[in-house]
Protein chains: 2
Amino acid sequence: METATCTDKCRTVMPAAEDALYIIAGKWKVRIIIALASGDKRFNELQRTLTGISARVLSNELKDLELNGLVSRKTLDNGTVLYVRNAYADSLRNVMHELVQWGIGHKEKIRNREI
Amino acid sequence: METATCTDKCRTVMPAAEDALYIIAGKWKVRIIIALASGDKRFNELQRTLTGISARVLSNELKDLELNGLVSRKTLDNGTVLYVRNAYADSLRNVMHELVQWGIGHKEKIRNREI
DNA sequence: CTGTATCCTTATTGATACTG
DNA sequence: CAGTATCAATAAGGATACAG
């Protein structure tokens, strides 16, 4: 990252992108956020929706998301636990939107053998 | 969006986001793309720029990026090899922009103990 | 210089069982 | 139901050496 190459902008942009990816990336994070967009869900319900995730991994992922304020754990009076997508997760809307658009375009490109 | 679980929109959105993340995510992909934004670079030059990456990992990452059309490998007449960021990588600009913006905002939130 | 091969260590999963 | 604990399997990463 020398002056001639990666300068101010680069030094701002790179860590910021990494920070965001650090929180979003991984096999399950986005899926969980999307899954919770359609309503609060219980642990087992989530596990069923996200086919293939183990309880251990789901547990860890939810903790991460909670730590970053994207999801909350809510215990109802009757004792059932619900995972709730926070309003803050909406701040990811633009990111998700661009991500999705690019993903769709990219797949299309591959299907057409443009790559 | 209304139904209780994951329906049409969800089923479109989820895999598209995953596809995109699959290509972008990881410790190095974004850094490499950013590093190459400031000009073509040789293998060793890249390795020096991206402090901490091993030759093996860099090699693998570059192959991935090449496969996905984001980067090209160009051999000059004198034999030197250059890694070049393709125009297609620009299609990631919106994604990166949103990612960066969110990353900045998120860090700010954490600094202010809002999470 | 541009990588690949190898070996070794560490992180991530998966499966299963088990507790409150 | 909502998880945790444990252990085995696998994947990913680092260090070093070396070939073209």
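Reminder, nothing fancy here: chain letters follow the sequence lines and each chain counts from 1. As the structure is a prediction and not an experimental result, all values here were calculated from the model.
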Are A:Ile110 and A:Val100 connected in a single hydrophobic cluster, I mean Ile/Leu/Val/Met/Phe/Trp/Tyr linked by side-chain heavy atoms less than 4.5 Å apart? yes

What is the distance, rounded to the nearest whole Å, between atom [atom1] of [X] and atom [atom2] of [N]?
{"X": "B:Leu46", "N": "C:dT2", "atom1": "CG", "atom2": "C1'", "value": "12 Å"}
{"X": "B:Gln47", "N": "C:dG3", "atom1": "CD", "atom2": "P", "value": "11 Å"}
{"X": "B:Asn60", "N": "C:dG3", "atom1": "CG", "atom2": "C1'", "value": "11 Å"}
{"X": "B:Lys74", "N": "C:dC1", "atom1": "NZ", "atom2": "P", "value": "19 Å"}
{"X": "B:Trp28", "N": "D:dA12", "atom1": "CH2", "atom2": "P", "value": "16 Å"}
{"X": "B:Lys41", "N": "C:dC1", "atom1": "NZ", "atom2": "P", "value": "16 Å"}
{"X": "B:Arg56", "N": "D:dA17", "atom1": "CZ", "atom2": "P", "value": "16 Å"}
{"X": "A:Lys63", "N": "C:dT12", "atom1": "NZ", "atom2": "P", "value": "15 Å"}

Is the side chain of B:Glu108 donor-acceptor paired with the backbone N or O of B:Gly105 at a distance under 3.5 Å, no angle test? no

Would you mind checking if B:Arg85 and B:Asp90 are paired as a salt bridge, meaning a charged N to carboxylate O distance below 4.0 Å? yes

Side chain of [X], heavy atoms from C-beta onward: which of [options] has the nearest atom to it?
{"X": "A:Ser59", "options": "C:dG3, D:dA2, D:dG3", "answer": "D:dG3"}
{"X": "B:Val57", "options": "D:dG3, C:dG3, D:dG14", "answer": "D:dG14"}
{"X": "B:Asn44", "options": "D:dA2, C:dG14, C:dC1", "answer": "C:dC1"}
{"X": "B:Ala55", "options": "C:dG3, C:dC1, D:dG13", "answer": "C:dG3"}
{"X": "A:Phe43", "options": "D:dA2, D:dA15, C:dG3", "answer": "D:dA2"}

Applying salt bridge (charged side-chain N to carboxylate O under 4.0 Å, His left out), which residue pairs with at least one partner in residues 23-38 of chain B are found, sequence neighbours left out? A:Glu18-B:Arg31, B:Lys29-B:Glu61, B:Lys29-B:Asp64

For D:dG3 and A:Tyr83 - does any side-chain N or O of the residue sit under 4.0 Å from the phosphate oxygens OP1/OP2? yes

Map B:Arg42 and A:Ser54 onto DNA chain C by nearest heavy atom, then report which one ends up closer to the 5' terminus. B:Arg42

Check the angle between the aromatic planes of A:His106 and B:Tyr88 and answer parallel, tilted or perpendicular using the 30° and 60° thresholds. parallel

